[in-house]
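Down below is the structure, laid out as C-alpha cells.
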Protein chains: 2
Amino acid sequence: MVHYQARLDTTFAALSDVTRRGVLEQLAGSDASITDLAQRFRMTLTGMKKHVGVLERAGLVTTEKVGRVRTCKLGPRRLEEEAAWIERHRQLWSARFDALDEIVEDLKRKEKANARSKRR
Amino acid sequence: MVHYQARLDTTFAALSDVTRRGVLEQLAGSDASITDLAQRFRMTLTGMKKHVGVLERAGLVTTEKVGRVRTCKLGPRRLEEEAAWIERHRQLWSARFDALDEIVEDLKRKEKANARSKRR
DNA sequence: TTGATAGTGAACCATATGGTTCACTGTAAG
DNA sequence: CTTACAGTGAACCATATGGTTCACTATCAA
C-alpha cells in the first residue's frame with residue numbers, strides 16, 4: 001500500500017492532541033453533536049469543528065448532519081495499523097536489548113575465564 | 001501523573017513523521033551517527049539533528065557524543081503508554097459496536113414479534 | 001413571521017514544523 | 001600546522017496547527 005506511511009502520519013498526528021483524544025473517548029461512550037463536544041471541551045463551535053475534521057480525515061470519526069445538528073460517532077478505522085506499528089517497534093526494541101544483554105553476559109563469562117587463567 | 005497527557009502528545013507527535021519512524025526502525029537494527037542517518041534519509045546534518053532532537057525529547061532515543069561523532073541509540077521509552085492508550089481505545093470501540101449490534105438484534109426481534117402479532 | 005439555535009467558512013493570529021543555508025567550533029589525521 | 005570531517009546554532013522560509021471572531025445560512029419552534 002503506497003498510502004500506508006501517509007496514513008500513519010495523519011493518524012498519529014490526529015492522536016497527538018489531548019482534545020482530540022478526549023473526543024475519541026467521549027465518542028466511545030456515546031455519539032455527540034458538535035455543540036456537545038464544544039461545550040465539554042470549552043471551545044468555540046468552529047474550533048471543535050476543526051478537530052472533528054482532523055479526526056474525520058484520519059478515518060477515526062464519521063459524521064452525519066440531519067437537520068441543523070451534525071452527529072459525530074466513531075469511524076471505521078480501529079487503529080489497527082498504528083497498534084501493529086507500535087507492537088513491532090516494541091518487539092524490535094526488546095530484541096535489540098536482549099542481544100545487548102547477551103553480549104554483556106558473554107563478556108562477563110570471558111572475564112571470569114580470563115581471571116581464572118591468570119590465577120593459574 | 002500530571003504529565004501523562006503531555007507525554008502522549010509529544011510521543012504521538014514524534015511518531016507522526018515518516019522520517020522519524022524510519023530513524024527508529026534503523027536504530028532498532030543498529031546504533032548510528034547523525035551523519036549515517038542524514039545520508040540514509042537524504043537530508044542535511046542540521047535537518048537530521050532536529051529529528052533526533054524530537055525523538056530524544058520524546059524519550060525514544062538517547063545520544064552520546066564521543067569525539068566529534070554523536071551516536072544515537074534507542075531510548076528508555078518503549079511506547080508502553082501509547083500501546084496501552086491505543087489498546088484501550090480498541091476495546092472501547094469494540095464494546096461500543098457490540099452494544100450497537102445488540103440493539104439492532106433486539107430491534108429485529110421486536111419487529112418479528114410485532115409482525116407475528118399483526119398477522120393474528 | 002420572528003427569533004433562537006447549530007453549524008459553516010473566511011479571515012486572522014501566534015506559534016510550531018520540516019526543511020534549508022551559512023558561519024562556526026571542536027576533533028582527527030596527514 | 002593544516003586540512004578535512006562531524007556536529008551545532010542562528011537565521012530564514014513556507015506551510016501547518018490550534019485557536020479565535022465575525023458574518024452568514026439553514027432549521028426548528030413559538
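What you are looking at is a predicted structure, and each value in this text was computed from that prediction instead of being measured. In the text below, chain A, chain B and the rest are named by the order of the sequence lines, each starting its count at 1.
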Nearest whole Å is fine: how far is [N] [atom2] from [X] [atom1]?
X	N	atom1	atom2	result
B/Asp17	D/dA16	CG	P	14 Å
B/Arg20	C/dG19	CZ	P	8 Å
A/Lys65	D/dA26	NZ	C1'	7 Å
A/Asp9	D/dT17	CG	C1'	15 Å
A/Leu45	D/dG19	CG	P	14 Å
A/Gln39	C/dA6	CD	P	8 Å
B/Phe41	C/dT20	CZ	C1'	19 Å

Among [options], which nucleotide sits nearest the side chain of [X]?
X	options	result
A/His51	D/dG19, C/dG18, C/dT8	D/dG19
A/Lys50	D/dT20, C/dG18, D/dT8	D/dT20
B/Ile34	D/dT8, D/dG19, C/dG19	D/dT8

Distance in Å, B/Asp36 CG paired with B/Gln26 CD, rounded so as to fall on 0.5 Å steps: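 Between B/Asp36 CG and B/Gln26 CD, I get 7.0 Å after rounding to 0.5 Å.
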Could you check whether any side-chain N or O of A/Asp9 sits under 3.5 Å from a backbone N or O of A/Ala6, counting only pairs where one atom can act as donor and the other as acceptor?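 Flag not set: sc A/Asp9 to bb A/Ala6 has no pair under 3.5 Å.
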Phosphate-side-chain proximity, A/Lys49 and C/dT8, N/O vs OP1/OP2 below 4.0 Å: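 Answer is yes, contact under 4.0 Å.
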Output yes when at least one side-chain N/O atom of B/Arg68 is less than 4.0 Å from OP1 or OP2 of D/dA4, else no.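 For D/dA4, OP1/OP2 do not have a side-chain N/O of B/Arg68 under 4.0 Å.
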Less than 4.0 angstrom from a charged side-chain N to a carboxylate O is my criterion; do B/Arg96 and A/Asp31 meet it?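 Yes, charged N to carboxylate O under 4.0 Å.
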Which is more 5' along DNA chain D, the nucleotide nearest B/Thr71 or the one nearest A/Met43? Just name the residue.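 Comparing both residues, the 5'-ward one is B/Thr71.
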DNA chain D: 5'-proximal contact among A/Ala13 and A/Arg42 (nearest heavy atom):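 Of the two residues, A/Ala13 wins.
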Using the ring of each side chain (for Trp, its six-membered ring), is A/Phe12 parallel, tilted or perpendicular to B/Phe12, with breaks at 30° and 60°?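 The rings of A/Phe12 and B/Phe12 lie parallel, inter-plane angle below 30°.
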Just list the side-chain donor-acceptor pairs under 3.5 Å for residues 69-80 of chain A, sequence neighbours left out, or say none.
| from | atom 1 | to | atom 2 | distance (Å) |
| --- | --- | --- | --- | --- |
| A/Arg70 | NH1 | A/Thr63 | OG1 | 2.8 |
| A/Arg77 | NH1 | A/Thr11 | OG1 | 3.2 |
| A/Arg77 | NH1 | A/Ala58 | O | 3.4 |
| A/Arg77 | NH2 | A/Glu81 | OE1 | 3.0 |
| A/Arg77 | NH2 | A/Glu82 | OE1 | 3.4 |
| A/Arg77 | NH2 | A/Glu82 | OE2 | 3.0 |
| A/Arg78 | NH2 | B/Ser94 | OG | 2.5 |

Side chain of B/Thr46, base of D/dG9: donor and acceptor closer than 3.5 Å?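 Checked by distance alone, the answer is yes.
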What's B/Gly67 touching, base or sugar-phosphate or nothing? Going by heavy atoms closer than 4.0 Å.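 Sugar-phosphate contact only.
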